[in-house]
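Each residue takes its place number in the sequence, starting with 1. Just so you know, ligand 1 is whichever comes first in the structure, and atom 1 is the first atom listed for that ligand.
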Amino acid sequence: MTVSDQTRIVVLASGGGSNFQALIDHFRSVSAAVDIVGLVASRTTAGVIERATRENISCAVMPGLTTNSNDSETRFLTETFDEWTPDLIVLAGYMRLIPPGIVKAQWGKIINIHPALLPSFGGSGMYGAYVHEAVITSGARVSGVTVHFVDEVYDRGPTIAQWPVPVQVDDTPQSLAARVLKVEHLLLPAVVEAFAEGRVTLGEGGRVEWTDEWFSNEHFTMEG
Ligand code: GAR
């Protein structure tokens, strides 16, 4: 297989980057034709940067931006993607909204992982421990992981795959987060692999199209 046959992935992240690491580890050990060509970190203090350095993966750090910096953010992402030419952009703990111009330009090529079963417990401000806190407070007995195509709204867009995780009566946000994160590290690489193999695409009218039945619930068991 030549390099040009590979699916080029760019990961966007803001935090410690355990999902970024899960992608690296997965594609190191399977023969899928995936090349993680770069990381975009939304801030200089993100722990994920150290992982990219250690793994010899190019890293671009978003320049300090104010809330009204839509244009400069769009420009920065456009230039970065023009240089790295990704086939797929993966939001793995990325805490910024993707500007509408980028969503439009990369339609069907951006996916996000969220640590709950969307459309519940998503949206602006719903990230990390806040998600798990909200799940526990609500009394929900099931949480989980969602991977979806990205549109202009936080945590919205067509669902690609979901994996349920039980909520235990004595759960804290930390214990639930740990149980969910284990599943994130399985589901995200699996979806990226399916995309790279052309088994899942975003079709006409925003419908997710699979060429197989992999996404069906029977493949996912509740993780205790
Ligand atoms: C993950 O749990 C991811 O699902 C979540 O941030 C965490 C990042 O962890 N994303 C969101 O909440 C997006 N709304 P990581 O940096 O260890 O991969």
Atoms in ligand 1 with a heavy atom of [X] nearer than 4.0 Å:
X	value
Tyr127	12 (O)
Glu184	1 (C), 2 (O), 3 (C), 4 (O)
Met95	6 (O)
Asp155	14 (N)
Gly128	12 (O)

Please write down residue, atom name and distance for the protein heavy atom closest to [atom].
atom	answer
atom 17 (O) of ligand 1	Ser18 OG, 2.6 Å
atom 11 (C) of ligand 1	Pro115 CD, 3.6 Å
atom 14 (N) of ligand 1	His114 ND1, 3.0 Å

- Nearest 0.5 Å please: distance from the CG atom of Leu91 over to the CD1 atom of Ile113. 10.5 Å
- Query: How far apart are the closest heavy atoms of Ser58 and Val37, and which atoms are they?
  - Reply: CB-O, 3.8 Å
- Message: In this structure, does ligand 1 have an atom that sits under 4.0 Å from one of the heavy atoms of Gln21?
- Response: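 No heavy atom of Gln21 comes that close to ligand 1.
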- What do you reckon, does Ala13 put a non-hydrogen atom under 4.0 Å from ligand 1? no
- Query: Would Gln21 and His185 count as having a side-chain donor-acceptor pair, cut-off 3.5 Å?
  - Reply: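 Side-chain D/A pair, Gln21 to His185: absent.
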- Message: Checking side-chain polar atoms at under 3.5 Å, does Arg8 have a donor or acceptor matched by the opposite partner on Thr85?
- Response: yes
- Would you mind telling me if ligand 1 is within reach of the side chain of Val48, the backbone, both or neither, using heavy atoms under 4.0 Å? neither
- Where's the contact between Met126 and ligand 1, heavy-atom distance under 4.0 Å: side chain, backbone, both or neither?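 The answer is the backbone.
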- Query: Under 4.5 Å between side-chain heavy atoms, hopping through other hydrophobics if needed: is there a path connecting Val103 to Leu202?
  - Reply: yes
- Salt bridge between Arg156 and Asp151, side-chain N to carboxylate O under 4.0 Å? yes
- Note on the structure: By ring-ring contact (aromatic ring centres under 6.0 Å, His included), Trp210 pairs with (sequence neighbours left out) Trp214, Phe215
- Heavy-atom nearest neighbour of atom 16 (O) of ligand 1 within options Gly93, Gly17, Ser14: Gly17
- Candidate with minimal heavy-atom separation from atom 9 (O) of ligand 1, of Leu188, Leu118, Thr146, Asn19: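 Heavy atom nearest to atom 9 (O) of ligand 1 belongs to Asn19.
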- So salt bridge (charged side-chain N to carboxylate O under 4.0 Å, His left out) across residues 198-212, not counting sequence neighbours, yields Glu197-Arg199, Arg199-Asp212
- Note on the structure: In Ile98, Val150, Ile89, Val10, the residue satisfying side-chain contact (heavy atoms from CB on, under 4.5 Å) with Gln106 is Ile89
